[in-house]
Amino acid sequence: MAAATESVDPFAELRPQERFEVWRDLIGLTRDCDATSPDLDRFEAVLRRSELGPVTFLGTSFPSARFRRSDARVRRSDPGVFHLTFVQGGALALTRDGEQTQLFRPGDITLLDSSRPYELRALGARDAADGRPRVEAVGIDFPTALLPVPPHRLRRLLGRGFRATEGPAAVLADFLLSIDRQAPVLGPAVADRLGPIAVDLVAAWLADELADDSGLPESARQRSLVEQVRAFVRRHLHDPELSPATVAAAHHISVGYLHRLFALHTDGDTVAAWIRRLRLEKAHRDLADPALRAVPIGTIAARCGIPRPDDFSRAFRTAYGLAPRDHRRHACP
């Protein structure tokens, strides 16, 4: 059974105005604000919404729009929610009382709370497919009470843009993109566990920006480190020297501690077994890719960090029950 996921894309039987209203109402379930768009006469949007325990995940693509949470609306109702957004396309321009407008571009991550009024203009960039300006973003909404960082310490971070290119911010962004890809196949039990992990990663990112993780629970620090290790391994999967020892050295921890982390925060794989599984999964995908049909099997194996043909063939056959050549022949007849 998959997680509770909704995908709106884009209700072909509805008129554009009705499409906008449905999309606005779904956004408004966790982001209480007034929304308008200059493209109501041709509004088309996609919204992927998943419940991850106490956390709501949103992935969306939409035309230019304007969101406004007024002071009166805040006074009338404040659900006490954080809104985290990772921009992938277009731009967001945030204006809050007494502050200079902040512009968030692709690759930026930002955090807002529901307790302050704001105006957010979503500025679409032209899509290569249809030429229409669009905004692309993923994000999560969650109760402020879940974040183990004192509110007074967050004031200087809220409403600012941060580049998600390295460190905990990049780990958090990668995690959100992974959720977006995998949400349709996540079971409810797994989805419920992912919400708290997402909040821990947010806490680790914020602590990094504050240059102080002393207030973080040990579980949050551990989860953040595990996700950093995962991201590191994926980036270096091609390196045949990648091993638990090199991973531990890159993160300034002992091999023993690395193994303990994985035992606590993964589904039972050892570090070496997980690296091997990732390599074989990548080779399995690449061998089935028609665009790579002319690439020699040995080259694909080497790109996955397994340069010895005999080792690759033996491991592949053990994992999938057939030789790499047979898998390619069946997948790309």
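What you see is a predicted model, and the numbers here were worked out from it, not measured in a lab.
With contacts defined as side-chain heavy-atom distances shorter than 4.5 Å, the pair F57/L194 does not qualify. A 4.5 Å side-chain heavy-atom check between R279 and L242 finds at least one atom pair inside the cut-off. Put simply, the side chain of Q228 reaches to within 4.5 Å of the side chain of P168, judged on heavy atoms. Side-chain atoms of D25 and L29, non-hydrogen and from C-beta on, never get closer than 4.5 Å to each other.
A donor-acceptor pair under 3.5 Å links the side-chain atoms of S64 to the main chain of G124, judged by distance alone. With R69 contributing its side chain and D32 its backbone, the two residues share a donor-acceptor pair below 3.5 Å. No donor-acceptor distance shorter than 3.5 angstrom exists from the side chain of T101 to the backbone of A93, with no hydrogens or angles considered. R134 places a side-chain N or O within donor-acceptor distance of the main-chain N or O of S61, the cut-off being under 3.5 Å.
With a 6.0 Å radius and a threshold of 12 heavy atoms from other residues, nucleotides or ligands, R325 has its CZ atom at or below the threshold.
The shortest heavy-atom contact between L94 and Y118 is CD1-CB, 3.8 Å. Residues E209 and R156 come closest through the heavy atom pair O-NH2, 3.8 Å. Counting all heavy atoms, side chain and backbone alike, R116 lies closest to D97 at NH2-O, 3.8 Å. Listed here is the closest heavy atom pair of G80 and S114: N-OG, 3.2 Å. Of all non-hydrogen atoms in A183 and S50, the two that sit nearest each other are CB-OG, 3.4 Å. The two residues P244 and V255 have their closest heavy-atom pair at O-CG2, 4.2 Å.
With no hydrogens or angles considered, no side-chain donor-acceptor pair links D141 and T56 at under 3.5 Å. In the model, R230 has no side-chain atom that pairs as donor or acceptor with a side-chain atom of S178 under 3.5 Å.
Annotation: the span from L225 atom CG to H251 atom NE2 amounts to 6.5 Å, rounded to 0.5 Å. Note that NE2 of H236 and CD of E241 are 12.5 Å apart. Values are rounded to the nearest 0.5 Å. Note that the CZ atom of R277 and the NZ atom of K282 stand 15.5 Å from one another [nearest 0.5 Å]. Interatomic distance, NE2 of H259 versus OG of S254, reported as 9.0 Å (0.5 Å rounding). Here the straight-line distance linking atom CG of D200 with atom CG of L172 works out to 11.0 Å at 0.5 Å rounding. Here the OG1-CG distance, from T246 to D239, works out to 7.0 Å after rounding to the nearest 0.5 Å.
Put simply, L177 and F232 are part of two different groups of oily side chains (I, L, V, M, F, W, Y) that touch within less than 4.5 Å, one to the next. The hydrophobic clustering, which links ILVMFWY residues whose side-chain heavy atoms are closer than 4.5 Å, places L146 and I179 together. L278 and L280 fall into different hydrophobic clusters, defined by Ile, Leu, Val, Met, Phe, Trp and Tyr side-chain heavy atoms under 4.5 Å apart, directly or through other members. In terms of hydrophobic clustering, with Ile, Leu, Val, Met, Phe, Trp and Tyr side chains grouped at heavy-atom distances under 4.5 Å, F67 and V81 are assigned to different clusters. Following chains of ILVMFWY side-chain contacts shorter than 4.5 Å, one can reach L120 starting from I27, so the two form part of one hydrophobic cluster.
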Pairs of donor and acceptor atoms involving the side chains of residues 302-313, under 3.5 Å and at least two apart or interchain, shall be tabulated with distances.
{"unit_1": "R308", "atom_1": "NE", "unit_2": "D311", "atom_2": "OD2", "d": "2.9"}
{"unit_1": "D311", "atom_1": "OD1", "unit_2": "R314", "atom_2": "NH2", "d": "2.8"}

Practice task
Dump the intermediate steps for side-chain contact (heavy atoms from CB on, under 4.5 Å) on L147 and V199, then the final yes or no.
Solution key: CA-CA 7 Å; L147 195 61; V199 175; 4.2 Å; yes

Exercise for the section: Determine, step by step, whether Q222 and L264 satisfy the side-chain contact (heavy atoms from CB on, under 4.5 Å) criterion, reporting the C-alpha distance in whole Å, the side-chain angles of both residues, the deciding distance to 0.1 Å, and the verdict. Expected result: CA-CA 9 Å; Q222 290 179 353; L264 287 170; 4.0 Å; yes

Practice task
Run the numbers on L261 and V229 for side-chain contact (heavy atoms from CB on, under 4.5 Å), then give the verdict.
Solution key: CA-CA 10 Å; L261 279 179; V229 166; 5.7 Å; no

Practice task
Determine, stepwise, if the pair L123 / L103 fulfils side-chain contact (heavy atoms from CB on, under 4.5 Å).
Solution key: CA-CA 10 Å; L123 311 170; L103 187 65; 4.3 Å; yes

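Sorted by first and then second residue, the ring-ring contact (aromatic ring centres under 6.0 Å, His included) pairs with a member in residues 156-184 read F162-W205; sequence neighbours excluded. Within the structure, every pair that satisfies the ring-ring contact (aromatic ring centres under 6.0 Å, His included) test and touches residues 270-311, not counting sequence neighbours, is listed here: F262-W274, H284-F316, H284-Y320, H284-H327. Sorted by first and then second residue, the ring-ring contact (aromatic ring centres under 6.0 Å, His included) pairs with a member in residues 69-104 read F82-F142; sequence neighbours excluded.
Exactly one residue among L84, L201, V171 makes a side-chain contact (heavy atoms from CB on, under 4.5 Å) with L176. That residue is L84. With E21 as the fixed residue, the side-chain hydrogen bond (donor to acceptor under 3.5 Å, both in side chains) test singles out one of R24, R19, Q17: Q17.
A salt bridge does not link R105 to D108: none of the charged nitrogens lies less than 4.0 Å from a carboxylate oxygen.
With sequence neighbours left out, the side chain to side chain donor-acceptor pair (under 3.5 Å) criterion links D192 to no other residue. Applying the salt bridge (Lys or Arg N to Asp or Glu O under 4.0 Å) rule to R235 yields no partners; only residues at least two apart in sequence or on another chain are considered.
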